[in-house]
Amino acid sequence: MRVDASLDISMRESRFAAYVDAARNGKNALWRIVLSVVIITVIWVVASIALVFAGVAVILARNGDWPFGLDEIFEAFDYKALVATPLGTVAMLLSVASLWIAVWVALKIVHRRSIRDLFGLERRLNWPDFARSTIVTLVVGIVLGPIALLIDPTVIRNSISFTDWLAAAPLLLMALFLQTSAEELAFRGYLQQALAARFATPVIWLGLPTVLFTLLHWHGEGTTAMNFAGLFIILGFSLCMTWLLMASGNLAAAMGAHFGNNIGVLMLFTYEPDLGAAALFMGRAVSDPNWTVPQAVMFALYGVLVIAVAQVLLLHRASPLRLRSLS
């Protein structure tokens, strides 16, 4: 058993080392990484603003307010009203999806290498691993969902009709795939790979992307306990996505797990009213001030439990659902 465990660790480390080596094929000076982060951020911000205003324009057109100009869009701009619709949810998701373009530009111009270097050892995504990771993560979330009801039984059926939900599902799934894969490409792919090629210590190549990814999910509303519970879940999620990357040497498994998770929390059962317009069921908002400290603790443990169970099923040697690339 010890030999098997040792082989597993050695295989994981060799795969990740080979994955990181791809960053050394291009120009990877520290100033280039910093410049790339700036470029990626600027493209993301500009794309986000453009997509939000495009969403407002579409809503105006659907309401019969055509023709209109930029002044009318500014006047009608209402973020809360926008995200309260499935269309607004899609606009928000696609703004994050712009990271695909941003990372491609940074790699091409600054690092002089291909975006395919971020996909995996074979310079392509392992789609069987993506599919398995998506399904396992989604099913685990659904199966363990009743635990959430024990923590907070105030779940209600959302206002979206099932017919409208089905009609919106294809567009939402496409947007979710682009959003989740873009986040993995930027944080677990580009940033961790580039930093690991420059710094040997995990404090930097693992710590910086993980902390940044976690803090970007900070709510800033509601009780302190629930805010920290949310950060605890995101932190655990980020570390697990890195573990999938290290184990497989490919981004596909992390992309799939992220995709399956977000299908569950944005299309089926959500605690996020700002992005929950397309979900079938709605729990009490994370920002609600009535959450108690014990509930916050249980919420955090529940969130990590869902992630951990999916992780074990995907990576454990005895699991029949183990990633195909590890078989």
Side-chain angles (χ1 to χ4, degrees), residues 12 132-155 176 179-180 183-184 187-188 192 202-203 206-248 253-272 275-276 279 281 283-288 291-319 321-323:
R12 183 186 72 239
R132 181 165 299 196
S133 190
T134 298
I135 295 170
V136 167
T137 305
L138 178 59
V139 171
V140 167
I142 294 173
V143 171
L144 297 182
I147 297 177
L149 298 178
L150 297 176
I151 301 172
D152 173 38
T154 62
V155 176
L176 276 170
Q179 172 253 327
T180 53
E183 288 190 9
E184 292 306 314
F187 289 95
R188 251 67 63 183
Q192 283 192 342
V203 172
L206 173 60
L208 287 179
T210 299
V211 169
L212 181 59
F213 180 81
T214 302
L215 291 179
L216 284 175
H217 289 79
W218 170 258
H219 283 281
E221 299 177 356
T223 66
T224 301
M226 276 305 289
N227 281 327
F228 277 106
L231 289 181
F232 183 72
I233 294 172
I234 297 300
L235 176 64
F237 181 83
S238 181
L239 291 173
C240 283
M241 295 307 99
T242 297
W243 192 256
L244 287 172
L245 170 61
M246 293 181 66
S248 63
M255 285 182 174
H258 202 154
F259 183 46
N261 176 80
N262 282 24
I263 291 174
V265 300
L266 289 178
M267 290 187 65
L268 299 180
F269 184 94
T270 186
Y271 288 94
E272 299 282 356
L275 283 175
F281 297 94
R284 194 193 328 175
V286 173
S287 58
D288 192 304
W291 286 95
T292 65
V293 173
Q295 284 179 320
V297 172
M298 289 187 289
F299 186 79
L301 294 176
Y302 161 71
V304 172
L305 173 66
V306 173
I307 300 166
V309 170
Q311 192 85 349
V312 170
L313 290 174
L314 290 170
L315 295 179
H316 197 278
R317 290 178 61 85
S319 172
L321 301 174
R322 198 177 192 219
L323 294 175

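- Shortest non-hydrogen contact noted between Gln311 and Cys240 is NE2-O, 3.0 Å.
- Pairing each heavy atom of Ala300 with each of Ile233, the nearest pair is O-CG1, 3.7 Å.
- Side-chain contact between Leu212 and Leu216: present, with at least one pair of heavy atoms (C-beta onward) separated by less than 4.5 Å.
- Two residues are said to be in side-chain contact when any heavy atoms from C-beta on lie closer than 4.5 Å; Arg317 and Arg322 meet this criterion.
- With hydrogens and angles ignored, the 3.5 Å screen pairs a side-chain donor or acceptor of Gln295 with a backbone N or O of Ile151.
- Applying the side-chain hydrogen bond (donor to acceptor under 3.5 Å, both in side chains) definition to pairs two or more places apart or across chains, none involves residues 138-147.
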**Intermediate values then yes/no, side-chain contact (heavy atoms from CB on, under 4.5 Å), Leu314 and Leu244** = CA-CA 8 Å; Leu314 290 170; Leu244 287 172; 4.3 Å; yes
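- Each of Val140, Ile142, Val136 was scored for a side chain to side chain contact (heavy atoms under 4.5 Å, CB included) with Leu138, with one residue passing: Ile142.
- Proximity of the aromatic rings of Phe269 and Phe281 is defined here by a centroid distance below 6.0 angstrom, and this criterion is not met.
- Residues Leu245 and Gln192 come closest through the heavy atom pair CD2-OE1, 4.1 Å.
- Counting only distance, with no hydrogens or angles, the side chain of Thr242 and the backbone of Ser238 share a donor-acceptor pair below 3.5 Å.
- Checking side-chain atoms of Thr270 against main-chain N and O of Val265 turns up a donor-acceptor pair under 3.5 Å.
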**Asked** Step by step, would you call Leu235 with Val211 a side-chain contact (heavy atoms from CB on, under 4.5 Å)?
**Response** CA-CA 7 Å; Leu235 176 64; Val211 169; 5.9 Å; no
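- With Val304 as the fixed residue, the side chain to side chain contact (heavy atoms under 4.5 Å, CB included) test singles out one of Phe237, Phe299, Phe232: Phe232.
- Within a 6.0 Å sphere centred on NE2 of His217, heavy atoms belonging to other residues, nucleotides or ligands number more than 12.
- Closest approach of Leu313 to Ser319, counting heavy atoms only: O-OG, 2.5 Å.
- Minimum heavy-atom separation, Thr214 to Thr210: OG1-O, 2.7 Å.
- When all heavy atoms are compared, the tightest approach of Thr180 to Leu176 is OG1-O, 2.7 Å.
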Taking only distance into account, with no hydrogens and no angle test, what donor-acceptor pairs under 3.5 Å do side-chain atoms of residues 255-264 form with protein atoms, sequence neighbours excluded?
{"from": "His258", "atom 1": "ND1", "to": "Glu184", "atom 2": "OE2", "distance (Å)": "2.6"}
{"from": "His258", "atom 1": "NE2", "to": "Glu183", "atom 2": "OE1", "distance (Å)": "3.4"}
{"from": "Asn262", "atom 1": "ND2", "to": "Gln179", "atom 2": "OE1", "distance (Å)": "3.2"}

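- Using a 4.5 Å heavy-atom cutoff, the side chains of Leu301 and Val297 are in contact.
- Between the side chain of Arg188 and the main chain of Met241, no donor-acceptor pair closer than 3.5 Å is present.
- Within a 6.0 Å sphere centred on OH of Tyr302, other residues, nucleotides and ligands contribute more than 12 heavy atoms.
- Between the side chain of Trp291 and the backbone N or O of Ala285, at least one donor-acceptor pair lies under 3.5 Å.
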**Message:** Please evaluate residues Val143 and Val139 with respect to the criterion side-chain contact (heavy atoms from CB on, under 4.5 Å), reporting the C-alpha separation (whole Å), side-chain torsions for both, the decisive distance (0.1 Å), and the verdict.
**Reply:** CA-CA 6 Å; Val143 171; Val139 171; 4.0 Å; yes
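- Going from atom OG1 of Thr223 over to atom CG of Asp288 covers 8.5 Å, rounded to the nearest 0.5 Å.
- Residues Leu305 and Ile147 form a side-chain contact, since some pair of their non-hydrogen atoms from C-beta on lies under 4.5 Å apart.
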